[in-house]
Amino acid sequence: TNWLASDPGRKTEYYSDDEDAEETLDFPFLDDVAYLARVAAEDEWELEGTIDELVSSASRERLGRDYRGYFAVDHDAYTAQFKGHGDGATWAGPLSPAPIDLEAARATGLFEVERLVPGEREYRRLCAGCHGLAGDGSGPSSRYLDPRPRNFRKGIFKFTSTGWDSRARREDLFRTITDGLVGSAMPEFRLLPEEKRWDVVEYVRFLAIQGEFEQTLVREALGFEEWPDPDETFARIAGWWGDAKQAFPGGEEPANDADSIARGRGVYQSLTAACTSCHGPQGRGDGPSANEFLDAWGYPIFPRDLTTGQLRVGTGSADLYVLLAHGIKGTPMPGQAGALTDQELWDLVHFVQSFATGERR
């Protein structure tokens, strides 16, 4: 497997010096760190170590492994490669993640630690080819796939049972791993024994939490123009993951009949819901705003053609209610919970379902 093959779909251009430029968002993390190191050096920040050392030690101390572990066997080998990277050198370090310090991971209270080692083994066997060893969506197969494999390192998973500002639950990740995502390259793994699927879930959570912590440190350092307090940053991120709660559908689902579908059509066409602006009057994903959006990773994203019946989370009523009420994380798809009543949301669910069945009235 050629882990280092060029990836023309990845956002690899360096940051611009133009303050008004609209930068792409999915930079390889080594580029993020190298850019921050350059800014810190140019502005003469007072730091207790290099940016590389600060990021890696913060993550290693709190989570038991830092990002360097995904790119080099030891620190000296990493440092030798990293020194030239900020000048545009091509990364060529060996890819051999260091072992997780399980006691450090246990101390966070965020993980079922006994699942991390077997979860990593299954992840590397089944998932890393697309999602990458670090969970950054840069596996050797990623450049051939559209949509691209998810980059977990922002802590964002699109399809969850939680509210808009909440992180994914274990059950959300388990469902995606088990059922796959319709209309994408994410396959179902229901033939993998259930315990192994839960192991993968836990390791994916580890990658996502570690990635979000490291990415947040770098982002906040750039924004505040100083090195943030790692303890405060980690406590905030740990709270987001630890407090993720399921957002249950509101109220009891009414009958899915002609009257509900007709009411749902009115909601769909209303200015309040504004569904037609993206999905179009016939639900074909051809609304006037359809070509205007990027997702949270900086890639073009287009509204779903509802008439295909291929919805990523399926067409179950409860799943669609949560999706419509709370939106799709990392995308321009908004949540309607504050704008529509429970009755209107259920009617809209039934109308969306009718696109797939051809029962629109």
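- With sequence neighbours excluded, no residue satisfies salt bridge (charged side-chain N to carboxylate O under 4.0 Å, His left out) with D286.
- With sequence neighbours left out, the side chain to side chain donor-acceptor pair (under 3.5 Å) criterion links S166 to no other residue.
- Using a 4.0 Å cut-off between charged nitrogen and carboxylate oxygen, R65 and D101 do not count as a salt-bridge pair.
- Taking the ring centroids of F206 and Y123, they lie at or beyond the 6.0 Å cut-off.
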Inset, instruction - List the steps and the verdict of side-chain contact (heavy atoms from CB on, under 4.5 Å) for E48 and E53. - result: CA-CA 9 Å; E48 297 180 0; E53 291 167 346; over 6 Å; no
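- Under the 3.5 Å distance criterion, the side-chain polar atoms of H326 are left unmatched by any main-chain donor or acceptor of S161.
- For the atom pair OG1 (T233) and CD (Q215), the distance works out to 13.0 Å, reported to the nearest 0.5 Å.
- The closest donor-acceptor contact from the side chain of K154 to the backbone of G211 lies at 3.5 Å or more, if one exists at all.
- Remark: side-chain polar atoms of E122 are not paired, donor with acceptor, to backbone N or O of D199 under 3.5 angstrom.
- Between the side chains of Q282 and T307, no donor-acceptor pair of N or O atoms lies under 3.5 Å.
- Relative ring orientation between Y67 and F29 is described as perpendicular, the plane-to-plane angle rising above 60° on a 0-90° scale split at 30° and 60°.
- With respect to R175 and D319, a salt bridge is recorded, a charged nitrogen being found less than 4.0 Å from a carboxylate O.
- When each of L348, T341, D342 is paired with E344, the side-chain contact (heavy atoms from CB on, under 4.5 Å) condition holds for T341 and for no other.
- There is a side-chain donor-acceptor pair under 3.5 Å between W241 and E212.
- For the pair Y203 and C127, the minimum side-chain heavy-atom distance is 4.5 Å or more.
- Taking CD of Q353 as the reference point, atom CG of L311 lies at 9.0 Å (rounded to 0.5 Å).
- Between the CZ atom of R312 and the CE atom of M186 there is a distance of 12.0 Å, given to the nearest 0.5 Å.
- Between the side chain of R153 and the main chain of G135, no donor-acceptor pair closer than 3.5 Å is present.
- Using a distance-only test at 3.5 Å, with no hydrogens or angles considered, a donor-acceptor pair links the side chain of D295 to the main chain of W297.
- Partners of T216 under the side chain to side chain donor-acceptor pair (under 3.5 Å) rule, at least two apart in sequence or in another chain, do not exist in this structure.
- Defined by atom type and a distance below 3.5 Å, a donor-acceptor pair is present between the side-chain atoms of T162 and T160.
- In the model, S138 has a side-chain atom that pairs as donor or acceptor with a side-chain atom of D136 under 3.5 Å.
- Atoms CZ and NE2, from F355 and H350 in turn, are 14.5 Å apart once rounded to the nearest 0.5 Å.
- Checking side-chain atoms of S354 against main-chain N and O of F351 turns up a donor-acceptor pair under 3.5 Å.
- Using a 4.5 Å cut-off on side-chain heavy atoms (C-beta onward), V33 and I51 make contact.
- Listed by chain and residue number, nothing satisfies the salt bridge (charged side-chain N to carboxylate O under 4.0 Å, His left out) test with E61 (two or more places apart in sequence, or in another chain).
- Salt bridge R205/E202: present, at least one basic N to carboxylate O contact under 4.0 Å.
- The side chain to side chain donor-acceptor pair (under 3.5 Å) test applied to D231 returns R62, not counting sequence neighbours.
- Y321 and W346 have tilted rings, their planes meeting at an angle from 30° to 60° on a 0 to 90° scale.
- Residues satisfying the side chain to side chain donor-acceptor pair (under 3.5 Å) criterion with Q343, sequence neighbours excluded, are D347.
- Expressed to the nearest 0.5 Å, how far CD1 of I237 lies from CZ of R167 amounts to 7.5 Å.
- When atom types are taken as modelled, the side chain of S59 and the backbone of S56 share no donor-acceptor pair closer than 3.5 angstrom.
- To the nearest 0.5 Å, the span separating CG on L324 from SG on C275 amounts to 7.5 Å.
- A side-chain donor-acceptor contact under 3.5 Å links R197 and T178.
- Looking at T176, its side chain does come within 3.5 Å of a backbone N or O of D172 through a donor-acceptor pair.
- Of the possible donor and acceptor atoms, one in the side chain of H279 sits under 3.5 Å from a partner among the backbone N and O of R304.
- Under the 3.5 Å distance criterion, the side-chain polar atoms of R143 are matched with a main-chain donor or acceptor of P140.
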